[in-house]
Structure formats: C-alpha cells, structure tokens
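Here is the structure we will look at, set down as structure tokens.
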Protein chains: 4
Amino acid sequence: MEEHRAGPRRSEQARLAVLTAAADLLAQNGYENLTIEAIARQASVGKQTIYRWWPSRAAILTEALLEGMIFRQQLAVRNTGDLRRDLTEWMSRVWSVLDAPQGRMLLRSLVAAATEHPAIGELMRDRLSADGGIRARVVAHGDPAVAAVEIGDAIAGWMMMQVLMGAAPTPDGIRAIVHALVPG
Amino acid sequence: MEEHRAGPRRSEQARLAVLTAAADLLAQNGYENLTIEAIARQASVGKQTIYRWWPSRAAILTEALLEGMIFRQQLAVRNTGDLRRDLTEWMSRVWSVLDAPQGRMLLRSLVAAATEHPAIGELMRDRLSADGGIRARVVAHGDPAVAAVEIGDAIAGWMMMQVLMGAAPTPDGIRAIVHALVPG
Amino acid sequence: MEEHRAGPRRSEQARLAVLTAAADLLAQNGYENLTIEAIARQASVGKQTIYRWWPSRAAILTEALLEGMIFRQQLAVRNTGDLRRDLTEWMSRVWSVLDAPQGRMLLRSLVAAATEHPAIGELMRDRLSADGGIRARVVAHGDPAVAAVEIGDAIAGWMMMQVLMGAAPTPDGIRAIVHALVPG
Amino acid sequence: MEEHRAGPRRSEQARLAVLTAAADLLAQNGYENLTIEAIARQASVGKQTIYRWWPSRAAILTEALLEGMIFRQQLAVRNTGDLRRDLTEWMSRVWSVLDAPQGRMLLRSLVAAATEHPAIGELMRDRLSADGGIRARVVAHGDPAVAAVEIGDAIAGWMMMQVLMGAAPTPDGIRAIVHALVPG
DNA sequence: GTGTAACCGAGACGGTACGTCAGGTCTTGCT
DNA sequence: AGCAAGACCTGACGTACCGTCTCGGTTACAC
C-alpha cells in the first residue's frame with residue numbers, strides 16, 4: 001500500500017537547479033573545489049534542500065551523470081566491419097571530447113568522485129568502454145564473453161591512466177592499445 | 001659551484017617524521033581525511049615546517065612513495081619463460097597486497113591524490129605496470145616497443161578501474177585480461 | 001518600516017556567553033593575552049559566530065562595558081554640599097575598586113583597548129569622570145560649563161596616568177589633585 | 001675588578017640599527033603592528049641579537065625613547081612671568097606636534113606600550129608634564145610641592161585622554177584646563 | 001474552507017581545517 | 001663570543017565549509 005501524505009511534493013525545479021549547478025561548478029573548478037555551499041548558492045537553493053535529498057557530493061554527481069548533464073555526448077561506435085579501425089576511430093573521438101577546454105578536468109574530477117563512490121566508477125566505465133554492441137563483436141571475433149568485459153575495462157582504464165598522468169595520448173598510442181587488445 | 005649559506009639546515013628528522021606520519025594516516029583514514037594538521041600533530045612538527053617544504057598534500061605523498069614508505073613491496077615479475085603465466089601470477093600477487101586490510105583504501109587514496117598531481121599518477125603506473133624487464137619480453141614476444149608501454153598502462157589502468165568500481169577481481173578476470181593483452 | 005526576514009535570529013545566549021567570557025578572560029589574563037580563540041573556547045561558541053557579529057576584540061569589550069559586565073559598580077558621587085570632600089571621597093572609593101585583585105589589570109587592559117578603539121576611551125572617561133551631577137555642581141561653583149568637562153577629563157586622565165605608571169595613589173595625592181582642580 | 005672576556009663586544013651598530021628601526025616602524029604602523037621580526041628585517045639584524053639584549057618590545061621602545069629617537073623635540077616652557085599664558089602656549093605647541101601626520105599614532109602607541117611597561121608611562125609623563133622649571137613656578141604660585149607633581153600628571157593625563165578618545169583639543173579646551181589647574 | 005504537515009529559501013549555529021604570521025629558541029658558519 | 005641568517009615548534013589569526021538547526025512563507029492533500 002502506498003503511503004499517503006499531506007503537503008507539497010519534492011520540487012523538480014530545485015532538483016534540476018542543483019544538478020545543473022553541480023555539473024557547471026564541477027567543470028569550472030574541479031571536484032576538490034566543489035562545495036555544497038557553492039552548489040546551493042549557484043542554484044539559489046537552501047542547503048537543507050540538498051541535504052534532504054542527497055547523502056553526499058558524489059551522489060549528486062552520480063545523478064547528474066545519469067541525467068546526462070555531464071558527458072552528454074553519446075559517442076557510438078560505428079560498424080564498418082573492421083573492429084580495430086572502428087575502435088581506434090571511436091577512441092580518437094572520445095579523446096577529442098576530453099581535450100576540449102574542460103574535458104580533462106571533468107574526467108579527473110569524476111575519477112576523484114569515484115574514489116568515494118563506486119557507482120560513479122561504474123558509470124564512467126560504461127561511458128568509456130565503448131559498450132554499444134562492441135561486446136558482441138568482440139565475442140564474434142573469437143574472444144570469450146568474459147574477455148569482452150575485461151577488454152572494455154582495459155580500454156577505460158587505459159584512458160583514465162593517461163588522464164591521471166596528464167598525458168596527451170597520441171594516435172600511435174591509441175593504435176597500439178587497440179592492436180594489443182583486439183588482435184586483427 | 002655549490003651555494004654556501006650559514007644557519008641551520010633542513011632537519012632530516014622532521015622530514016622523515018612528516019613522510020611517515022602521512023603514510024600512516026593515509027592508510028588509516030584515506031586521502032579525503034588526510035589533513036595537514038593531523039600530519040603535523042602525528043609527526044610532532046609545526047604546520048609551518050610542512051608548508052615550508054611541501055606545496056601540497058599530494059607532494060608529500062609523492063615523496064613518501066618515492067621513499068618507499070607506501071607500497072613498500074618490490075613485486076618482481078618472475079621469468080619462467082611463459083610470459084602469460086608470469087604476468088598472471090604477478091597480478092595475483094599484486095591483488096593480494098591490495099586486498100590486505102588497507103590496500104584498497106591506499107590505492108583509492110593514491111588515485112584521488114593523482115587527480116591533483118600527475119606525478120603521483122606516473123608513480124602508480126610504475127608500481128602497477130610490471131616494469132621489471134617485462135617490456136623487453138613483450139617486445140621479444142613480437143609487439144613493437146610502443147605497444148609494450150601501452151600494455152603496461154592498460155594493466156595498471158585495468159587494476160585501478162577494478163578498485164574504483166569496488167570490484168574484487170577474480171582469477172578468471174586476471175587470466176582474461178592477460179590473454180587479451182599478451183597473445184600466447 | 002521594519003525589515004522582515006525569515007530564518008534563524010541572532011542567538012542572545014551566544015551573545016551573552018561571548019561577552020561574559022571576554023570580561024572574565026580580560027580580568028584574568030589582561031588585554032594582550034585576550035584571544036578570540038580563547039573567548040570562543042570559554043564561551044563554547046564557534047569562532048565564526050564572533051567574527052559574524054563583532055569586527056574586533058575591542059568591539060566586544062565595548063559591548064561588554066555597555067552591558068555592565070566590566071566595572072559593574074555604579075559609583076555615585078555623594079552630595080554633602082562640600083564638593084571637594086565629595087570628590088575626594090569618590091576618588092578614594094574608585095581607587096579601592098581599582099586596587100582589588102584584578103582592578104589594575106582591568107584598567108590597564110581597557111587603556112590598551114582604547115588605543116585601538118576611541119569608543120572605549122569615551123566609555124572609560126564616563127566611568128572615571130564622576131559625571132553624576134558633578135558637572136552642574138562644578139558650574140555652580142563658579143567654573144564655566146566648558147571647564148566642567150575638562151575637569152572631568154583631567155580627573156580620569158590623572159587616574160589613568162597613575163595606573164600606567166604603576167603608581168599607588170596616596171590619600172595626599174588625591175587630596176592634592178582635587179584641591180588643584182576644584183578651588184574651595 | 002673588571003671581567004675580562006674573549007670574543008667581540010656588543011655591536012653598537014646593531015644596537016642603533018634596532019632602535020632606529022623600532023622607532024621608524026612604530027611611527028609608521030602603530031604599536032600593535034610592531035613585530036620583532038619586522039624590526040630585525042628592517043635593521044638587517046638577526047632575531048637572536050634582539051632577544052639577547054632586550055627582554056621585550058617595550059624595553060626596546062623605552063631605550064629608543066631615552067635615546068631621543070622618539071619625541072625628539074625638547075619643548076621648553078617659556079617664562080614670561082604669566083604662568084597660565086606660558087602653559088597654554090606650551091600645550092598648544094605640544095598639540096601641534098601630536099597633530100603632525102604620525103604624532104597621534106605615536107602617542108597612542110606609547111600608551112599601549114605603557115600598559116605593558118610602567119617605565120614607559122613615566123617617560124611619557126616626563127615628556128608631557130611640562131617639567132622644565134614649571135614645578136618651582138607652580139610652588140612659587142602658592143601650591144605646595146605635592147600639588148605641583150599632581151598638576152603635571154593631570155596635564156599629561158588630560159592629553160592622553162584626548163588622544164585615546166580621538167578628540168581634537170580646541171584652544172578653548174586647553175585654556176579651560178590650564179585655568180582650572182593654575183588659578184590666576 | 002481550513003488545518004496541518006512537509007516543502008522551500010535563507011542563514012545562524014558549534015565545529016574542523018585551512019594557509020599565514022609572529023613568537024621565542026636553537027643551530028650553523030662567519031668574523 | 002657576537003653576529004646574520006633562518007629552521008624549528010607553538011599558537012593565534014581570519015576565512016571557508018561542514019552538517020544541523022531554526023525561522024517565516026508556501027503548497028496541497030485530508031477533513
């Protein structure tokens with residue numbers, strides 16, 4: 001049975017204002033400088049409204065990620081039949097996004113958030129492991145299902161590693177990792 | 001020519017006390033709760049002594065890593081002739097270290113620190129990419145030099161990814177990623 | 001029209017706790033050793049609560065003075081008809097207060113505070129210049145109104161001077177200054 | 001018998017540099033902002049040299065006062081035969097000195113220093129109580145010796161009071177206090 | 001309609017940590 | 001042994017946020 005209750009329901013407007021503000025501030029200042037007070041200020045929302053609905057900074061970001069307010073792009077992997085070429089091309093596109101003014105900061109921030117909240121790690125993996133039908137193609141390629149998952153993680157992990165080291169991945173690097181992971 | 005100056009020199013005792021305290025507190029409380037004040041307290045050192053010599057929390061950790069106060073283990077990759085088996089065995093050993101009471105927390109903390117300080121990312125890569133002569137063996141295996149580097153990063157990145165997602169890597173997972181990266 | 005605002009009001013309890021703590025610590029340790037942190041600690045109040053409402057140490061003392069938490073005594077000048085005798089007697093009483101265990105320290109502290117905050121100087125003048133109807137009597141005595149003010153300041157200034165020099169005023173000294181200022 | 005000792009004697013150059021620096025900084029920044037470190041820096045002197053020879057900030061100022069580095073002016077009271085006129089004229093001159101750019105700050109600073117060190121109070125009294133032969137003239141005027149001292153203190157105290165209250169003394173005020181203290 | 005209970009914005013509260021400044025002591029190499 | 005330089009530990013500074021709380025105002029269902 002549903003619980004019936006008087007009074008107003010949760011304000012969708014406030015919820016969206018918070019998520020938007022959080023996403024904006026994250027891109028501008030990085031995770032370390034993302035404070036609840038700043039989010040409340042930017043969103044013109046009382047602090048209590050935030051504490052009422054979200055248990056942590058990371059929870060806000062998780063929701064913002066799920067709402068598509070961060071990493072909005074749905075980068076699909078094309079299918080030309082050549083898996084290596086498709087993956088290489090897809091990774092290049094992902095990198096061009098991350099190299100945009102605040103892309104690096106954003107990814108670094110999300111990694112930081114993930115250290116506090118595994119769910120964010122999973123969301124990042126999903127965004128960075130080229131999941132659009134790739135798995136089936138990897139399996140079709142000859143690798144068993146379990147390897148398909150691991151290969152996705154390796155791709156995502158490799159990209160994270162580059163960002164954490166402040167490295168700018170070269171076309172050669174991308175080609176090499178794809179060749180190593182997906183034998184022609 | 002050396003610069004000669006009168007007056008007291010930097011206190012090696014204070015330096016080591018700070019690094020030790022930082023390493024201990026990191027393992028106990030995680031990076032988010034690692035404060036300069038706590039380090040100073042634990043090390044019986046004035047805050048100013050820390051601010052005089054280190055520009056940031058992350059810089060302290062970098063130095064502690066380099067001094068071998070964190071991840072002390074020198075996990076060598078054995079050479080039985082079978083690269084896949086050697087790597088698999090090495091990764092399992094690394095994992096058993098990370099699964100020790102504070103291993104996971106430590107790695108997560110270092111990832112968080114790396115988001116603020118790329119040098120820490122590089123140090124982690126070195127510790128996690130099985131660099132002891134592996135590169136030569138990978139090259140001997142048929143992959144070009146560039147791929148050897150990328151494969152190392154992929155291994156390290158994959159492990160970081162598992163930790164961030166809170167996943168406990170299975171023997172199957174390890175075997176799969178090694179198979180994917182190092183064709184028999 | 002009054003300004004209406006939602007939200008919590010200023011806590012009177014915190015305000016009084018701060019003023020009381022400040023007065024106590026002043027009497028115990030002197031102005032030089034009166035720190036905001038000690039006041040906050042003693043009053044069980046956050047430092048920010050102090051900084052929110054008072055711009056300086058001296059402002060806290062001013063308010064404490066006005067609230068009668070320092071120099072609580074309302075030392076009235078009696079009127080026996082003999083102005084010289086009344087003033088002499090009043091100054092002796094003031095001195096006995098200042099000679100009490102912490103009286104000297106308190107006055108010295110207030111002088112120190114006054115060097116940073118003229119308003120405290122004015123409050124001290126009021127407390128030390130025997131203003132209760134004296135002015136009218138001085139005027140009635142033959143001195144013009146302006147001189148009445150100056151005579152009050154001279155009395156207060158003389159007492160401050162004695163305290164600053166660490167001197168213990170003698171009955172003779174008091175009698176002499178009263179005679180000099182108020183011709184019989 | 002004199003104690004013979006090896007090694008260099010106290011450096012007069014360092015001593016004067018410290019006193020000069022202290023006097024300059026006092027006039028510029030006020031007593032509250034006069035720090036040992038700033039004096040050492042300004043005087044190009046090691047902190048230890050200061051701590052070796054002076055027990056406190058106030059002791060430095062006392063010595064600087066005695067050396068005539070502060071309130072250098074020797075304001076003499078003239079003798080035209082009219083004591084009231086002479087005192088009034090002298091006080092006006094003192095005030096014009098105190099009203100010079102840093103005069104007020106200096107006096108306020110000295111008062112603050114006196115709260116920590118009675119000797120400074122006495123030095124100020126000497127400078128501000130018109131001691132040059134005035135005492136004899138006051139006595140000759142008919143007041144007993146003790147009153148002469150008190151009258152001097154009252155003059156000095158009155159001036160301090162004006163400075164502490166941030167008041168600008170008017171010619172009328174000066175005339176009034178002189179008339180009150182020195183009956184024609 | 002009218003309670004009434006939960007929502008909302010604002011922001012004060014007791015705290016913790018920040019990064020800086022100065023205090024007073026100690027150490028080093030020079031003169 | 002005095003000196004300039006400056007590292008050391010200590011502790012206060014004034015600021016930024018934390019997470020909790022208290023206000024007045026505003027819905028929106030339940031009676």
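Note that the structure is predicted; figures quoted are calculated from it, not measured. Atom set for the values below is all heavy atoms of this structure, side chains included, hydrogens, waters and symmetry mates excluded. Numbered from 1 within each chain, the chains take letters A, B, ... in sequence-line order.
- Judged as a salt bridge (Lys or Arg N to Asp or Glu O under 4.0 Å), the pairs with a partner in residues 14-25 of chain D (not counting sequence neighbours) are, in order, Glu12(D)-Arg15(D), Arg15(D)-Glu63(D), Arg15(D)-Glu67(D).
- Residues from residues 14-31 of chain C that place a heavy atom under 4.0 Å from any atom of DNA chain F: there are none.
- In this structure Glu116(C) satisfies the salt bridge (Lys or Arg N to Asp or Glu O under 4.0 Å) test together with Arg57(C), sequence neighbours excluded.
- OP1 or OP2 of dA4(F) has at least one side-chain nitrogen or oxygen of Thr49(D) nearer than 4.0 Å.
- For Glu32(D), there are no salt bridge (Lys or Arg N to Asp or Glu O under 4.0 Å) partners, not counting sequence neighbours.
- Heavy-atom nearest nucleotides on DNA chain E were determined for Asn33(B) and for Pro55(D), and the one closer to the 5' end corresponds to Asn33(B).
- Residues satisfying the salt bridge (Lys or Arg N to Asp or Glu O under 4.0 Å) criterion with Arg52(B), sequence neighbours excluded, are absent altogether.
- Rounded to the nearest 0.5 angstrom, Leu66(C) CG and Leu123(C) CG are separated by 5.0 Å.
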Protein-nucleotides 18-21 of chain E N/O pairs under 3.5 Å:
from: dC18(E); atom 1: OP1; to: Ile36(B); atom 2: N; distance (Å): 2.7
from: dC18(E); atom 1: OP2; to: Ile36(B); atom 2: N; distance (Å): 3.3
from: dC18(E); atom 1: OP2; to: Glu37(B); atom 2: N; distance (Å): 2.8
from: dG19(E); atom 1: OP2; to: Tyr51(B); atom 2: OH; distance (Å): 2.5
from: dG19(E); atom 1: O5'; to: Tyr51(B); atom 2: OH; distance (Å): 3.4
from: dG19(E); atom 1: N7; to: Lys47(B); atom 2: NZ; distance (Å): 3.0
from: dG19(E); atom 1: O6; to: Lys47(B); atom 2: NZ; distance (Å): 2.8
from: dC21(E); atom 1: N4; to: Gln48(B); atom 2: OE1; distance (Å): 2.9

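- If you take CZ of Arg9(A) and C1' of dA6(E), they are 9 Å apart, rounded to a whole angstrom.
- Between dA4(F) and Arg41(D), no contact under 4.0 Å exists linking OP1 or OP2 to a side-chain N or O.
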With a 3.5 Å cut-off and sequence neighbours excluded, list the donor-acceptor pairs that the side chains of residues 34-47 of chain B form with protein atoms.
from: Thr35(B); atom 1: OG1; to: Ala38(B); atom 2: N; distance (Å): 3.0
from: Glu37(B); atom 1: OE2; to: Lys47(B); atom 2: NZ; distance (Å): 2.7

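- With rounding to whole Å, Glu12(B) atom CD is found 16 Å from dT27(E) atom C1'.
- Nearest heavy-atom pair across Ala23(A) and Met69(A) is CB-O, 3.9 Å.
- Distance CH2 (Trp53(B)) to P (dC9(F)): 12 Å, rounded to an integer number of Å.
- With sequence neighbours left out, Gln28(D) forms a side chain to side chain donor-acceptor pair (under 3.5 Å) with no residue at all.
- Atom CZ in Arg10(B) sits roughly 19 Å away from atom P in dT27(E) (whole-Å rounding).
- The interatomic distance linking Ile39(B) (CD1) with dT16(E) (P) rounds to 18 Å, in whole Å.
- By the side chain to side chain donor-acceptor pair (under 3.5 Å) test, Gln13(C) pairs with no residue at all, sequence neighbours left out.
- Protein atom CD of Glu32(D) is 13 Å distant from nucleotide atom P of dA22(E), rounded to whole Å.
- Protein atom CD of Gln13(C) is 14 Å distant from nucleotide atom C1' of dC21(F), rounded to whole Å.
- With dG11(E), dC23(F), dC9(F) as the candidates, the nucleotide lying closest to the side chain of Ala6(C) is dC23(F).
- Regarding Arg52(D), its CZ atom lies at a distance of 13 Å from the P atom of dC26(E), rounded to whole Å.
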